[in-house]
Engineer: 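Dropping a structure here in structure tokens format, bear with me for questions.
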There are 2 protein chains.
Amino acid sequence: MRPSPRLRKTKQRYVILEELCKVTCHPSADELYNMVRRKLPRISMGTVYRNLDLLARDGVIQRLEISGTQKRFDGNASNHYHMRCLRCGKVADAHMKKVIPMEDVIKEVTDFEIVGYRLEFIGLCPQCRRKKSGCHEKTSTG
Amino acid sequence: MRPSPRLRKTKQRYVILEELCKVTCHPSADELYNMVRRKLPRISMGTVYRNLDLLARDGVIQRLEISGTQKRFDGNASNHYHMRCLRCGKVADAHMKKVIPMEDVIKEVTDFEIVGYRLEFIGLCPQCRRKKSGCHEKTSTG
DNA sequence: TTTGCTGCAAATCCTTTGCAGAGGT
DNA sequence: ACCTCTGCAAAGGATTTGCAGCAAA
């Protein structure tokens, strides 16, 4: 396990990370729990969730969805880019001068039949940048 | 409201769509519910959720997060691309020949301080392509 | 008239949390 | 010894669903 400041090396944490890194299927907490349980039968879901959270905050792993608990909706159904604030969770449209040549890339993508995409930039919104302090918020990216 | 086959024109649906299209803040179901309630005080959360789902399936609006209910985790914390299957929900890494020059674009992005991004392609995985029938699954993109 | 839609309330499902004891440093 | 981490179980919160009546088409 990559050494991390502050985080202790526990058996549970080690196995969770090991199992997660072993696969490329991007499991849910629940699926990972079942994988880990084969090695540590007495581990609890709470431990899995807590570690996933700590590891993501620490930048060792990442959550695929950065959102909080609720989903957000957009009245504009066409493909465009979003910016999500790490700290306050706000999402804004990204108005960028240069447009990413996504269509070129999509054609080269593997065996999936692509119907669309989501591109989300993660960072700090202007308001949160200003009050940028050392403390971290609930949200984590990975 | 854009005419859609099969969907009836109800007052509730109309106001939900109208309120959603009025803003660019990408509200959650809950936030939208409060917006709509100012016009239709007796509307219920269930109606909001059901309509959001129908409208997203119909392609009139989009959900920002395409995932199902559970979040997924990735042992690889560096920025890379994902492919999510609309039908079965599986997520795979996108191994593409051409890499998108994201860094160039990020510099031009508005007032956010960017720390990373998520790029997710949406489509049908090889397995689901094969058994591609007329029926639609639970998952919807928008 | 037919069949989809709504409000209400209960149910479900994922995730988080409090607590007391165990374990890493 | 100190303080984080764990297992367990309960709590919390978002979303879904069953149902009976209502309303588009």
Engineer: If you check every side-chain atom of B/Leu54, which of D/dA14, C/dC5, D/dC8 has the closest atom?
Structural biologist: C/dC5

Engineer: Given A/Arg87 and A/Gln127, is the side chain to side chain donor-acceptor pair (under 3.5 Å) satisfied, shown in steps?
Structural biologist: CA-CA 10 Å; A/Arg87 189 162 310 171; A/Gln127 291 82 52; over 6 Å; no

Engineer: Rounded to whole Å, please give me the gap between CG in A/Leu55 and P in D/dC5.
Structural biologist: 10 Å

Engineer: Using rotation axes that map the C1' atoms of four end pairs onto the next four (five pairs an end), what angle separates the end axes of the helix from C/dT1-D/dA25 to C/dT25-D/dA1, to 10°?
Structural biologist: 50°

Engineer: Does the side chain of B/Asp74 come within less than 4.5 Å of B/His82's, by heavy atoms?
Structural biologist: yes

Engineer: Let me know, please, whether B/Lys71 or B/Ile16 comes out on the 5' side of the other along DNA chain C by nearest nucleotide.
Structural biologist: B/Ile16

Engineer: Using whole Å, what does the distance between atom C1' of nucleotide D/dA14 and atom CD of B/Glu31 come to?
Structural biologist: 13 Å

Engineer: Considering only NZ, NE, NH1 and NH2 on the basic side and carboxylate oxygens on the acidic side, decide whether B/Asp58 and B/Arg6 come within less than 4.0 Å.
Structural biologist: no

Engineer: With a cut-off of less than 4.0 Å, is there a side-chain N or O of B/Gln12 near OP1 or OP2 of D/dA23?
Structural biologist: no

Engineer: Does the pair A/Glu65 and B/Lys71 meet the rule for a salt bridge (charged side-chain N to carboxylate O under 4.0 Å, His left out), with working shown?
Structural biologist: CA-CA 6 Å; A/Glu65 302 85 11; B/Lys71 286 188 180 168; over 6 Å; no

Engineer: Nearest to the side chain of A/Tyr49 - D/dG7, C/dG7, C/dC14?
Structural biologist: C/dC14

Engineer: For B/Asp58 and C/dG4, give me the distance from atom CG to atom C1', rounded to whole Å.
Structural biologist: 14 Å

Engineer: Distance check needed: C/dC13 C1' versus A/Asp30 CG, whole Å only.
Structural biologist: 10 Å

Engineer: Just how far, in rounded Å, is P of C/dC8 from CE of B/Met45?
Structural biologist: 13 Å

Engineer: Less than 4.5 Å apart, any side-chain heavy atom of B/Ser78 and any of B/His80?
Structural biologist: yes

Engineer: What is the distance from CZ of A/Arg37 to P of D/dC8, rounded to the nearest Å?
Structural biologist: 10 Å

Engineer: Using a 3.5 Å distance criterion without hydrogens, assess whether the side chain of A/Gln62 forms a donor-acceptor pair with backbone atoms of B/Asn76.
Structural biologist: yes

Engineer: Only counting residues at least two apart or in another chain, list the ones meeting salt bridge (charged side-chain N to carboxylate O under 4.0 Å, His left out) with A/Arg72.
Structural biologist: B/Glu31

Engineer: By nearest heavy atom, map B/Phe73 and B/Arg42 onto DNA chain C; which one lands nearer the 5' end?
Structural biologist: B/Arg42

Engineer: Could you tell me whether B/Asn51 contacts a base, only the sugar-phosphate backbone, or nothing, with contacts defined as non-hydrogen atoms closer than 4.0 Å?
Structural biologist: sugar-phosphate

Engineer: In whole Å, what is the span from the CG atom of B/Leu52 to the P atom of C/dT6?
Structural biologist: 12 Å

Engineer: Using a 4.5 Å cut-off on heavy atoms from C-beta on, say whether the side chain of A/Ile43 contacts that of A/Val48.
Structural biologist: yes

Engineer: Restricting to salt bridge (charged side-chain N to carboxylate O under 4.0 Å, His left out), what partner residues turn up for A/Lys90, sequence neighbours left out?
Structural biologist: none

Engineer: Near DNA chain C, counting only heavy atoms under 4.0 Å, which residues of residues 19-26 of chain A show up?
Structural biologist: none

Engineer: Could you tell me whether a side-chain N or O of A/Asn51 sits under 3.5 Å from a main-chain N or O of A/Thr47, the two making a donor and an acceptor?
Structural biologist: yes

Engineer: Summarise how protein sits on nucleotides 18-25 of chain C as a single string, 5' to 3': B when a protein heavy atom is under 4.0 Å from the base, S for sugar-phosphate-only contact, - for no contact.
Structural biologist: B----BBS

Engineer: Taking side chain as C-beta onward, heavy atoms only, is A/Pro27 less than 4.5 Å from A/Leu20?
Structural biologist: yes

Engineer: Only counting residues at least two apart or in another chain, list the ones meeting salt bridge (charged side-chain N to carboxylate O under 4.0 Å, His left out) with B/Glu19.
Structural biologist: B/Lys22, B/Lys39

Engineer: Rounded to whole angstroms, how far apart are CZ on B/Arg13 and P on D/dA24?
Structural biologist: 11 Å

Engineer: Can a side chain N or O of A/Thr47 be found less than 4.0 Å away from OP1 or OP2 on D/dG7?
Structural biologist: yes

